[in-house]
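What follows is a single structure, written as C-alpha cells, with notes after it.
It should be emphasised that the depicted structure is a prediction, and the values quoted were computed from it without experimental measurement.
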There are 2 protein chains.
Amino acid sequence: MTDAVEPPKARRPNTRLEEVARAAGVSKSTVSRVINGEPYVSSKAREAVHQAITRLGYSPNQAARTLAGSRANCIALVVSEQGSRVLADPFFAGVLRGVNAELAGKRVQLVLMMSKEGDEQDLVNYLCGGHVDGVLVISLHGQDPLPRTLADAGLPTVVGGRPLGAGGVPYVDADNFNGAMEAARYLVSLGRKRIGTIAGPRDMAVGMDRLSGWKRGLSQARMETDLVAYGDFTPESGAAAMADLLGRAPDLDAVFVAADIMALGALQTLHAHGKRVPHDVAVVGFDDLMIASTAVPPLTTVRQDVEQLGRTMTWRLMAELAGEENLPPFLLLPTAMVTRASA
Amino acid sequence: MTDAVEPPKARRPNTRLEEVARAAGVSKSTVSRVINGEPYVSSKAREAVHQAITRLGYSPNQAARTLAGSRANCIALVVSEQGSRVLADPFFAGVLRGVNAELAGKRVQLVLMMSKEGDEQDLVNYLCGGHVDGVLVISLHGQDPLPRTLADAGLPTVVGGRPLGAGGVPYVDADNFNGAMEAARYLVSLGRKRIGTIAGPRDMAVGMDRLSGWKRGLSQARMETDLVAYGDFTPESGAAAMADLLGRAPDLDAVFVAADIMALGALQTLHAHGKRVPHDVAVVGFDDLMIASTAVPPLTTVRQDVEQLGRTMTWRLMAELAGEENLPPFLLLPTAMVTRASA
DNA sequence: CTGAAAGCGCTTACAG
DNA sequence: CTGAAAGCGCTTACAG
C-alpha cells in the first residue's frame, strides 16, 4: 500500500460569532446587533466588532440567522418553465441582471426556481414554508394562479409583466400599451396606409397590451385594425404570421411586430416574397434586442429596459419587506422608439 | 378612528417535524430518517410518515436542516458579471435550464451569485462559509483565480467552459476544438481557397480553442492560417472584424466566425460590401442560436448544446457531493455541424 | 448601551 | 429498527 488512506475530511469549523465576540471583547448580543445594523451600540463597540470581523474574515452562518430570526434573508425568483422558452432568453437574463444589481450590497440571497408543469404544489409548499421572505415571479402564462396563491398565503410577491390571473398582486411591467401605440402612430406618420400587426400569444398580457396599443394608435388615425396575425415569440411563428398577413392583404405596406425575435422571421418572409424593407413594407419591432441592430435591414423597434424591470421588481419587493407603506400597486416603465432602417 | 390597528402579523407557525411525528405515531428521529431516505426504517413506519407528511403538507425547514446537519442542501451558480455580458444571454439561460433540469426532484436549491469586480473576497467568504455544498462557475475571464481558490478551500467546484487559470479544477466544456476543426474542413471541402476566421477574445478558452481548431483544420489541408481577426462576441465586433479581414484579403472566399452573434455582424458587413453569401463568401458560425436560422441567409453553424452543458456540470458536481470516486477531471460535449444556406 | 439565557427546527451519535 | 437528548450558530426578549 503506497497510498495513504484519505483522512476523514476535517471540515474546519468556520469562524463563529462567538469568536468575533471574544476578539472584540464584547458579548455575542453586541456582535449580533452590529451585524444587523441596530442603533443602540456604542461607536467604540461597533468599531471593535467591525475590526474583528474583517480580521477573522467572518461570514455569518445564514442558516442559523434564518432559524433564529424570523426572516430567511433570501428571496426567490420563480420562472415558469413554459414561459421561459417563450419569453426567450434575453428577457430572462436581463431581468436577472437587474435583480442582482438591486440586491448588491444587501445581505439577501437569490434562489432560482423554475416551476414545472405538475409540481406547483411542491413549489407553493416550499415558498410558503418560510424559506424565503418574498418572491419575484416572471414569465407567467395565461391565468396562472401562482401569484394569487402566494399573496394569499401572506408571502410578499411581485410579478414581472402584468399577470392576467392575479388581480391585486403588485406588478411591474414595461408600458407595452403606449410603446405599441407610439409604434403605430409612427407608421401612420410615415404615410403608410395599410398597417398590420403580428401579435404575441393571446394568453399573455404582454401580447394583448401591445395589440391594444397598436389598435388604439390606428383607430385614432381612423384606420382599419383588421390585419392581425398571431405568433408565439419565435422567429418561425413570425415568418408564418407574416406570410398569412401578406396573403390576406397584398397591399400591406407596414407591419408592427410585437417582438424583435418574431420580426426577424417576418423580415425573412418579406425577403422571400420580394418585398423591399422599408420601401414596400415598413417594419417596426418591440424589445430592442442586441440583434435588432444587425438585422437586414437594421430594425426600427420599441425599446424596453428589461434590466430596469428586474431592478424595479426587486426594489418594490424589498421596500415591502422593509415595511414601507403606501407602495404603488403596480409600476409601468417607459419605452422608447429606436429608429433604424426598417421603418 | 375607522381603521382598526393592523394586528401584529401572527406568523402562523408552519407544520414542524414534531407534528408529523405525532401524527404518524413515531419519534422525530424516525421522521428525519424517512425524510432523508435512510435505510433502517420499517416499511410500516415509513408509510405512516409519508402519509402524515402529505396530509399536513409538511415542508422541512431548510435552515434547520442546514444548521443541524453538515450540508446546506444548496449549490451556487456563480456568473462573472463581466463574462455574462460577453458570453451573452442565450448561453446563460441555456445553462440555467440545464442546471434546473438536472436538479429537478433533488431537494437541492440553486442560489445565483454574480461576481462583480471588487467583491471577490466577499464572494469567497460567503461560498466558503458553509452556505453551499458546491459551486458551479461559468463565464470566466482570463486567469480568474476564483475556481482555484474555491477548490483549494475544499469546496467542490465545477467550471463551465475550460478555465484558463485553474488547472486541476474539474470542468465541462463543448468540444470547441473539434467543432471548429470540422467547420474549417467543411469550408475546405466546399473548395474554398482563402479562408479567414473571426475569433473570440484572446483571454477566453472558448475563443482560443475555436481558433486552434480552425487552424488545425486548415493546416491539415496545407492552407494558410494567417487570416485571423478578433472580436468580443458582439455583433458590432463581428462587423468590424469582417471589414478588417476584407481589407487584408480582398480574395477571401470563406470565413469561420467563432460565434453566431458575431456572424450576424459579419453578414451585415459582407452585405454592405456587395459580397454575396455564400456565392462570394461562405460563412460558418458557432453555437446555433435560435436566430441563426433566420439570419439572411440562414446561417450554417456548429451547434453546441448549452442546456446539456448545464446538466452535465450539475451531474458532475452532484456526483462528487454524493462521494462518487474516480470521476472524470473534465468532460467534453460533442458539437454538430448544422448546414443551412450560408455555406 | 450591554450581557446571560432561551429557543429557532432540525440531525446525529448513542443507547437500546 | 427506534427513541431521548445534545447541539448546530445565530437572534431576541428580558433584565440591568
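For B/Asp133 and C/dT11, the CG to C1' distance is 14 Å, given to the nearest whole Å. Atom P of nucleotide D/dG9 and atom CD1 of A/Ile35 are separated by 14 Å, given to the nearest angstrom. Following rounding to the nearest Å, B/Glu38 (CD) and C/dT11 (P) show an atom-to-atom distance of 9 Å.
Sorted by first and then second residue, the pairs that involve residues 146-156 of chain B and meet side-chain hydrogen bond (donor to acceptor under 3.5 Å, both in side chains), not counting sequence neighbours, are B/Arg148-B/Asp152. The stretch residues 157-171 of chain B participates, sequence neighbours left out, in these side-chain hydrogen bond (donor to acceptor under 3.5 Å, both in side chains) pairs: B/Arg162-B/Asp209.
Between D/dG16 and D/dT12, the distance separating the two C1' atoms is 16 Å to the nearest Å. Rounded to the nearest Å, the gap between the P atom of D/dG9 and that of D/dA13 is 23 Å.
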What pattern of brackets, bars and dots sums up DNA chain D from 5' to 3', given Watson-Crick or G-U wobble pairs under 3.5 Å, [ ] for crossing pairs and | for another strand? |||.||||||||.|||
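Scored by the side-chain contact (heavy atoms from CB on, under 4.5 Å) test, B/Arg46 finds B/Val34, B/Val41, B/His50 as partners (sequence neighbours excluded). With sequence neighbours excluded, the residues forming a ring-ring contact (aromatic ring centres under 6.0 Å, His included) with A/Tyr126 are A/His131, listed by chain and number.
Screening A/Leu140, A/Leu146, A/Asp173 against A/Pro163 for a side-chain contact (heavy atoms from CB on, under 4.5 Å) leaves a single residue, A/Leu140.
Counted by atom type alone, B/Gln308 and B/Thr312 present one or more donor-acceptor pairs between their side chains at under 3.5 Å.
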Could you run through nucleotides 1-8 of chain C and give me one letter per nucleotide, 5' to 3': B if any protein heavy atom sits under 4.0 Å from the base, S if only the sugar-phosphate is that close, - if neither? SBBBB-BB
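Atoms CZ and CG, on B/Arg311 and B/Asp305 in that order, are 6.0 Å from each other to the nearest 0.5 Å.
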Apply the test salt bridge (charged side-chain N to carboxylate O under 4.0 Å, His left out) to residues B/Arg22 and B/Glu19: give CA-CA distance (whole Å), side-chain angles for both, the deciding distance (0.1 Å), then the verdict. CA-CA 5 Å; B/Arg22 205 178 306 137; B/Glu19 301 170 40; 5.9 Å; no
